[in-house]
Amino acid sequence: MDFKVGIIGCGSIAKLRHAPEYKANPFVKEIIFYDRNIERAENLATIFGGRVAETVDELLLDPSIQIISDCSSNENHHIFSTKALLNGKHVLCEKPISLTMEHANEIVEAQRKTGNKLMIDHNQRFTRAHQKAKEMIASKEFGNVLTFRTTFGHQGPEQWGVNKTRSTWFFKKDRSGLGVAGDLGIHKIDLLHYLLDDEVEQVSAFQGALDKVDENGKPIEVCDNIVCILKTKQGRLGTASFSWTYYGEEDNSTTLYCEKGIIKIYNSPENQIEVITKEGERINYKLESIQTNDNQTNTGVIDAFIDCVRLDKEPLVSGSDALSSLKVVLGIMEAAEHNCVIRI
Ligand SMILES: NC(=O)c1ccc[n+]([C@@H]2O[C@H](COP(=O)([O-])OP(=O)(O)OC[C@H]3O[C@@H](n4cnc5c(N)ncnc54)[C@H](O)[C@@H]3O)[C@@H](O)[C@H]2O)c1
């Protein structure tokens with residue numbers, strides 16, 4: 001079976017991950033690019049082959065296109081992804097699924113109504129080290145996970161997005177919505193849910209725009225840092241820090257403190273997992289490195305999504321998984337805003 005794929009939004013994530021991974025997939029025969037900035041669509045069509053659509057409806061109403069990647073900025077996902085699902089497309093939607101539960105529910109409802117596939121690009125689930133860590137935790141090799149700490153930070157989206165200036169939409173409240181919490185934080189909340197097979201139930205947090213300024217030199221409207229305390233349904237306690245001001249090097253690490261040892265993930269560039277047992281033994285796993293903004297490798301997300309469509313499989317990240325993570329991130333924002341503990 002060969003697929004025609006439409007990509008909406010031809011910025012950085014489309015250029016660095018979706019388009020190359022669709023191009024490399026043997027079941028994709030054509031990619032059609034759409035962006036309201038047509039030059040961006042033309043640029044990707046030149047690099048990856050394929051054609052350009054001049055309107056979004058040209059993609060959404062074309063019955064020969066089976067799959068849509070929604071790579072638009074956050075405030076549009078509920079519009080494009082919902083319409084695509086209702087028009088019979090299978091949709092891979094970028095994270096965060098939306099900025100509000102109401103909008104996120106529109107997408108998930110459209111999926112339920114149509115039965116088409118919907119996956120949200122919480123790509124942390126797909127990395128080899130995270131997959132291996134999930135196996136270790138599920139097997140209880142090192143006992144139950146008692147506490148954890150996780151972080152995700154880099155030097156900021158004005159170095160990443162297609163608009164590499166301080167006027168980037170990532171810094172605007174109405175478009176990015178949740179700042180670094182919705183950009184990087186939601187990845188790790190989803191990862192914790194996945195690794196622990198548990199859900200964050202109570203949160204507390206502090207946030208701030210500590211360093212980033214907009215095009216007018218004013219502090220940005222959304223947080224560039226947020227530090228959280230989390231409690232899960234099963235009673236696990238942990239901390240999480242998300243930052244757009246880790247200048248010098250990305251940090252994408254998670255440490256799980258278990259009854260019989262410690263599992264460190266992406267703490268060292270040499271060993272993607274390091275285990276230190278209660279007895280002091282060290283076990284290192286060399287798996288592939290995680291993608292960084294400077295080092296893009298195949299995430300496996302597109303191949304997995306094509307397989308879901310082709311083989312009628314359930315996506316590894318469902319709409320309801322994305323709703324759970326968004327709910328936690330919205331709770332974190334509320335906790336930070338009101339200086340309180342929020343029960344999700
Ligand atoms: N999964 C990940 O690891 C990951 C990483 C980065 C970004 N993202 C997500 O991907 C999405 C896009 O981010 P990006 O980094 O590519 O941003 P970007 O600014 O580089 O690109 C966004 C593109 O969408 C286009 N666009 C925006 N609104 C549009 C509209 N209404 N109609 C048509 N085109 C429109 C813009 O013109 C731009 O070309 C965001 O939701 C972001 O959170 C996910």
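Both counts, for ligands and for their atoms, begin at 1 and track the order of listing. For reference, positions follow the sequence shown, starting with 1.
Geometrically, ligand 1 and Arg36 share a nitrogen or oxygen pair separated by less than 3.5 Å. On a distance-only criterion, Ser12 and ligand 1 share at least one N/O pair closer than 3.5 Å. Looking at Ala14 next to ligand 1, no N or O pair under 3.5 Å apart turns up.
Judged purely by atom type and a 3.5 angstrom limit, Asp214 uses its side chain to pair as donor or acceptor with the backbone of Lys218. For the pair Glu58 (side chain) and Glu54 (backbone), a donor-acceptor distance under 3.5 Å is present. Under a 3.5 Å cut-off, the side chain of Lys188 and the backbone N or O of Asn252 do form a donor-acceptor pair.
Under 4.0 Å is where a charged nitrogen must lie from a carboxylate oxygen, and between Arg125 and Asp321 at least one such pair does. Salt bridge status for Lys233 with Glu201: absent, with no side-chain N to carboxylate O gap under 4.0 Å. Looking at Glu75 and Arg175, a side-chain N of the basic residue comes within less than 4.0 Å of a carboxylate O on the acidic one, giving a salt bridge. Between Glu221 and Lys172, none of the side-chain N atoms (NZ, or NE/NH1/NH2) sits under 4.0 Å from a carboxylate O, so this pair counts as no salt bridge. Comment: Asp183 does not engage Lys212 in a salt bridge, judged by the lack of any side-chain N to carboxylate O separation of less than 4.0 angstrom.
Here the protein heavy atom with the shortest distance to atom 9 (C) of ligand 1 is Lys95 O, 3.5 Å. Of the protein's non-hydrogen atoms, Asn74 OD1, 2.6 Å is the one closest to atom 41 (O) of ligand 1. Counting only heavy atoms of the protein, atom 25 (C) of ligand 1 lies nearest to Asp35 OD2, 3.3 Å. Looking only at protein heavy atoms, the nearest one to atom 13 (O) of ligand 1 is Trp169 CZ2, 3.8 Å. Among protein heavy atoms, the minimum distance from atom 21 (O) of ligand 1 is reached at Gly11 CA, 3.2 Å. When hydrogens are left out, the protein atom nearest atom 8 (N) of ligand 1 is Glu94 OE1, 3.7 Å; that is the closest non-hydrogen contact. Nearest protein heavy-atom neighbour of atom 16 (O) of ligand 1: Ile13 N, 2.9 Å. The single protein non-hydrogen atom nearest to atom 15 (O) of ligand 1 is Trp160 NE1, 2.6 Å, given as residue, atom name and distance.
For ligand 1 and Asp121, the ligand atoms under 4.0 Å from any heavy atom of the residue are 1 (N). Every atom of ligand 1 with a heavy atom of His77 under 4.0 Å away is listed here by number and element: 41 (O). Of all atoms in ligand 1, listed by their number and element, those nearer than 4.0 Å to a heavy atom of His187 are 1 (N), 2 (C), 3 (O). Less than 4.0 angstrom separates some heavy atom of Phe80 from each of these atoms of ligand 1: 30 (C), 31 (N), 32 (N). Applying the 4.0 Å criterion to heavy atoms of Arg40 picks out, from ligand 1, the atoms 36 (C), 37 (O), 38 (C), 39 (O). Listed by atom number, the atoms of ligand 1 under 4.0 Å from Ser73 heavy atoms are 27 (C), 28 (N). Those atoms of ligand 1 with a heavy atom of Gly161 less than 4.0 angstrom away are 20 (O). Remark: ligand 1 atoms within the under-4.0 Å shell around heavy atoms of Arg17 are 2 (C), 3 (O).
Gly143 and Cys258 get closest at one heavy-atom pair: O-CB, 4.1 Å. Across every non-hydrogen atom of Asp35 and Gly11, the tightest pair is OD2-N, 4.2 Å.
Of the N and O atoms on the side chains of Asn74 and Ser176, not one donor lies less than 3.5 Å from an acceptor on the other residue.
Within the 4.0 Å heavy-atom criterion, the part of Cys71 lying near ligand 1 is the backbone and not the side chain. Proximity of Asn123 to ligand 1, defined as any heavy-atom pair under 4.0 Å, is confined to the side chain (atoms from C-beta onward).
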Working for side-chain contact (heavy atoms from CB on, under 4.5 Å), residues Tyr285 and Met136: CA-CA 12 Å; Tyr285 294 82; Met136 286 176 176; 3.2 Å; yes
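Note on ligand 1: Asn163 sits outside its first shell, no heavy atom being nearer than 4.0 Å.
Residue pairs satisfying the ring pair (Phe, Tyr, Trp, His ring centres under 6.0 Å) criterion with at least one member in residues 2-40, sequence neighbours excluded, are absent.
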